[in-house]
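Encoded as C-alpha cells, the structure appears first; notes follow it.
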Amino acid sequence: MSKTLISARGLRKSYGKRNSKFEALRGVTLNIHEGESVAIIGKSGSGKSTLMHLLALLDKPTRGEITLNGHPTARLRAHKLNTIRNKKFGFVFQSFFMNANDTVLNNVILPLKIAGVGYRERHRRAVSALKTVDLDDKRNNKASDLSGGQKQRVCIARAIVNDPKVIFADEPTGNLDSATGEKIINLLFKLNREKGITLIIVTHDQDLANKCERQINIKDGRIVSDTSADAEQDDDGDEEIREIIAESEEDDDEDATPDKFEGDNNIDGMLDQKHPVHHINIDEDEEDL
Amino acid sequence: MKFLDIIRDANANLLRNKLRSFLTILAIFIGSFSIISTSAIQAGVNNFIDQQVDSYGGEGYLAVVSKDSFDALEGLTGAMGNGNSTPIEYKEDKIQDGMTPITNEQLDKIKKIDGIDGDSLVEQKSLNISYVSSKKTDKKYLIGAEALPPGNIKVETTTSGQLDLQGDEYQIQLEKKYVDVLGYTEENIIGEKIQLVVVDQFKHTQKTFNVKVVGVIAPGVISMGYSYVNNKTADDIYTENTKYYPAEYKDHVVAIAVNYDYKNHSAKEIKDKLEDIGLSAMTIDDIIGSIKTFFDVILTVFKIFGFIALLAAAIGIINTLFMSVQERTREIGLDKALGMSSARVFLSFSIEAISLGFWGSVFGITVSMILGNIANNIFHAEGGFLESFPSFNLATYTIKDIIIVTVLIMFISFLAGTLPARRAASKNPIDALRYE
Ligand SMILES: Nc1ncnc2c1ncn2[C@@H]1O[C@H](COP(=O)(O)OP(=O)(O)OP(=O)(O)O)[C@@H](O)[C@H]1O
Ligand SMILES: [Mg+2]
C-alpha cells in the first residue's frame with residue numbers, strides 16, 4: 001500500500017461563540033494515501049467543504065491534528081503553510097473563483113506569480129497547462145467571457161500549473177451540465193492516473209463519487225462510512241464511542257512519533273523538522289504580517 | 001512573488017477603477033502642488049536674498065544712525081520695523097526730515113567698541129544730483145547715486161568693472177536702466193564719460209562732473225536703482241551740495257556705515273553696545289528682513305493650506321482603498337488560498353497607496369514647475385513686476401525640495417494605506433472565498 005500523505009485525527013471544527021456555537025466537524029479521523037482518488041460525499045451542510053479546507057491547510061481545526069507526510073501542521077509558520085499550498089496543492093473551488101476581469105492566461109499564471117516564478121517560465125508553464133485542458137486558444141480572452149465548462153477547465157489548468165501533489169476539488173461539477181461535468185471528471189482522473197496526483201473531490205453527486213477509488217461519507221460532521229480498508233480500523237461502530245476514541249487518541253498521540261515514511265517527497269523539505277508533536281488546541285490564526 | 005510584479009499589479013489595480021483613482025490623485029495633487037509651489041517660492045526668495053547679501057559684501061556690514069533718526073524713520077515710513085510706530089514729535093535741533101545727527105563724541109565711541117573695525121567707518125553721504133546726461137543725447141534723466149559702502153563690498157555688475165575707491169578720477173558704476181537712454185550698450189559704455197549735473201538748491205548755480213563709467217550694475221533689492229560712485233566723486237558732489245549750507249549744518253553726520261567682526265561677535269551684541277551710546281544699527285538681514293517676513297507670512301498660509309489638502313487627500317486614500325479591499329475580497333481570498341502571504345497582501349495595498357501618493361505628487365510637482373516657469377517668464381517680461389530683477393526667479397525648484405515633497409507625500413500615503421492594507425492582510429481565505 002502506498003504511503004500516507006495526509007492524516008487527520010479527531011478533527012473538530014466549530015464556528016461562532018457560546019450561544020451561536022455550531023460544530024461543523026465532530027471528530028473526523030482519516031488517512032489519505034498518495035495517488036488515491038477520494039470522494040467526500042454527504043448532504044449539503046454536512047461539513048464536506050469544512051473538512052476539505054482543513055485538509056488543504058486553508059483553515060485550522062478547533063481541535064484535532066492534521067499531519068502531512070507525518071509532520072504535524074498546526075504549529076507550522078504561516079509562510080510554510082503558504083508555500084505548501086502554493087507549490088504542492090492545487091485547488092478547484094466550488095464556484096470557479098477566478099479574477100473575472102483578467103485574461104485566462106493571467107488566471108492560470110496566478111499561483112506561479114505568487115511563487116515568484118520568472119515571467120518567461122511561468123508563461124510557458126501556463127500555456128502548457130492550458131493545452132492540457134484544451135483551452136490554449138482562449139488564453140487571451142477575458143475569463144468572464146468563457147462558458148461555465150470552460151471556466152472550470154481554466155480552474156483545473158490553474159490547479160495543475162504548479163505540478164501539485166494533491167488536487168482539492170470542491171464540487172467541480174456542481175455548476176455544470178452532466179456532459180460537461182463528465183469531461184471535467186475525466187480530465188481530473190486522467191491527471192490522477194498519468195501524473196499520480198492525489199485527488200480529493202468533494203461532491204454530492206453519487207455517480208462522480210463512484211468513479212473514485214474511495215468514498216468517504218459524511219453526515220453532521222462525522223464520517224458514517226469509508227470504503228478504505230484503513231478506515232475499518234478507525235470505525236468502531238458507534239459514533240459516540242468513535243468520538244470518545246478519537247479524543248483519547250488525541251491525548252495518547254501527544255508523545256507518539258507520527259508515522260513517517262521513507263523515500264521522502266518534496267513536501268518534507270518544506271516542513272520544519274524541528275517542530276515536535278505538540279498540543280493541538282489552536283483557535284487563532286497565527287499568521288503574522 | 002516578485003517585487004516588480006507587486007508594483008505592476010498595484011498600478012494595474014489602480015487603473016481598474018480609473019475615475020476613483022484619478023479623483024484620489026487629484027486630492028493629493030492639490031496638496032502636493034501647494035507645498036511644492038510654496039517651497040519653490042521660498043527657495044526663490046531666499047536664493048535671491050542670499051545673492052543680494054553676497055553682492056552687497058556680506059555679513060559684516062552695519063548701517064548706523066542715531067536712535068532718534070531711526071525712530072523718526074520708523075515713525076515716517078514704518079519701513080524699518082513692524083509698522084505700528086507712533087508719529088514723532090517735531091524738534092528744533094533736527095535737520096533733514098527730522099534726522100538727528102550723530103555727534104562727534106558718538107563717532108569716537110563707535111570706533112572704540114570691541115568688535116567694530118574703526119578704520120572701516122565711512123560717512124554715508126546723501127548726494128543730491130540733479131540729472132545725468134551724455135554727449136549722445138539731449139535728454140536729461142533723474143538719477144540716484146551714493147558712495148559705495150565700506151568693507152569688502154562687491155556690487156553685482158553685469159560687466160565686471162570695479163570702482164577705484166581711493167582714486168583721483170571720477171568713476172561710477174551705473175545702474176543698468178541708464179545705459180540705453182544715454183545712447184550706449186552695456187559693452188561700449190565702459191570707459192565712456194557721462195555727465196552728472198548738480199544744481200544748487202539755494203543759488204541755482206550749476207556744476208557738471210564728467211564721470212567715467214567703470215561698470216554696469218545688475219538691478220537688485222539692495223541697490224534699489226542706485227548707482228555707485230567712488231569716494232572722490234562722492235566727496236566733491238557732497239561739497240558742491242553743501243556749499244551754501246549754513247555753517248552749523250555742514251559737518252553733520254547723519255548716517256555712517258561700518259564693518260564689525262561677525263565671526264566673533266553677534267549682531268545683537270554689537271547692536272546692544274551701539275544702543276548704549278544712543279545709536280541704532282541695521283545689518284543686511286535687518287534691511288532685507290521685512291521682505292523676508294512678508295513672503296514668509298504668505299507662504300506659511302499656503303503651506304498650511306497644502307497640508308490641510310494633504311490631510312483630506314489621506315482620508316481620500318483610506319476611503320478609496322477600503323472600497324477596493326471590499327470589492328476585492330474574493331480576489332484577496334483566492335490569492336491567500338493559493339499561498340500569498342499576509343505580508344504580501346499588506347505590501348501590495350501599501351504600494352497601491354504609495355503609488356497614489358507618488359502619482360499625485362509627480363502630477364503636482366510637474367504642474368507647479370510648468371506654471372512656475374510661465375510665471376517667471378511673465379514676471380520677467382516687459383512690464384512684469386520682476387522686470388528689473390533678472391536674477392530673481394520667483395519660483396526656484398531644487399532637487400532637494402522635489403525629493404522631500406515626493407517622499408513626504410508617499411510616506412503620508414503609506415500611513416493612510418496601512419489601515420485598509422491591514423484589513424486586507426487579515427482576511428481569512430475561507431471567509432473571503434465564502435464572501436459574495
Ligand atoms: N464561517 C462559518 N460560520 C458559521 N457557520 C459555518 C461557517 N462555515 C460553515 N458553516 C456551517 O458549517 C456547516 C458545514 O458547512 P460546509 O460548507 O462544510 O457544508 P458542505 O457539506 O460543504 O455543504 P454544501 O454541500 O452545501 O457545500 C454548515 O452548517 C454551515 O452553515
Ligand atoms: Mg461545500
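Being a predicted model, the structure only gives us computed values, none of them experimental. Each chain gets a letter, A, B and so on, in the order its sequence line appears, and its residues count up from 1.
Here the rule is side-chain contact (heavy atoms from CB on, under 4.5 Å) with L338(B), and of L112(A), N162(A), L110(A) only L110(A) fits it.
Separating the CZ atom in R344(B) from the CG atom in N82(A) is a distance of 11.0 Å, to the nearest 0.5 Å. Here the CZ atom belonging to R8(B) is positioned 8.0 Å from the OH atom belonging to Y119(A), to the nearest 0.5 angstrom. Taking CD1 from I430(B) and CG from L58(A), the interatomic distance works out to 4.5 Å, rounded to the nearest 0.5 Å. Separation of atoms OG (S341(B)) and CG (L81(A)) is listed at 12.0 Å; rounding is to 0.5 Å. Rounded to the nearest 0.5 Å, atoms CZ (R122(A)) and CG (D5(B)) are 4.0 Å apart. Here the CG atom belonging to N99(A) is positioned 10.0 Å from the CZ atom belonging to R330(B), to the nearest 0.5 angstrom.
The 12-atom threshold is exceeded at CZ of R20(B), counting heavy atoms of other residues, nucleotides or ligands nearer than 6.0 Å. I399(B) CD1: 12 or fewer foreign heavy atoms inside a 6.0 Å radius. Around atom CZ of F322(B), more than 12 heavy atoms belonging to other residues, nucleotides or ligands sit under 6.0 Å away.
At least one side-chain heavy atom of L334(B) sits less than 4.5 Å from a side-chain heavy atom of R158(A).
Nearest heavy atom pair, residue K336(B) against residue R85(A), reads O-NH2, 2.7 Å. Residues A337(B) and F91(A) come closest through the heavy atom pair O-CE1, 3.6 Å. Minimum heavy-atom separation, I114(A) to D335(B): CD1-O, 3.6 Å.
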Start with the C-alpha distance between D9(B) and K113(A), add both sets of side-chain angles, then the distance that settles side-chain contact (heavy atoms from CB on, under 4.5 Å), and finish with yes or no.
CA-CA 11 Å; D9(B) 286 0; K113(A) 191 153 123 184; 2.9 Å; yes
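Only the side chain of R16(B) comes within contact range of chain A, judged by heavy atoms closer than 4.5 Å. Heavy atoms closer than 4.5 Å to chain B are found in the side chain of Y15(A), but not in its backbone.
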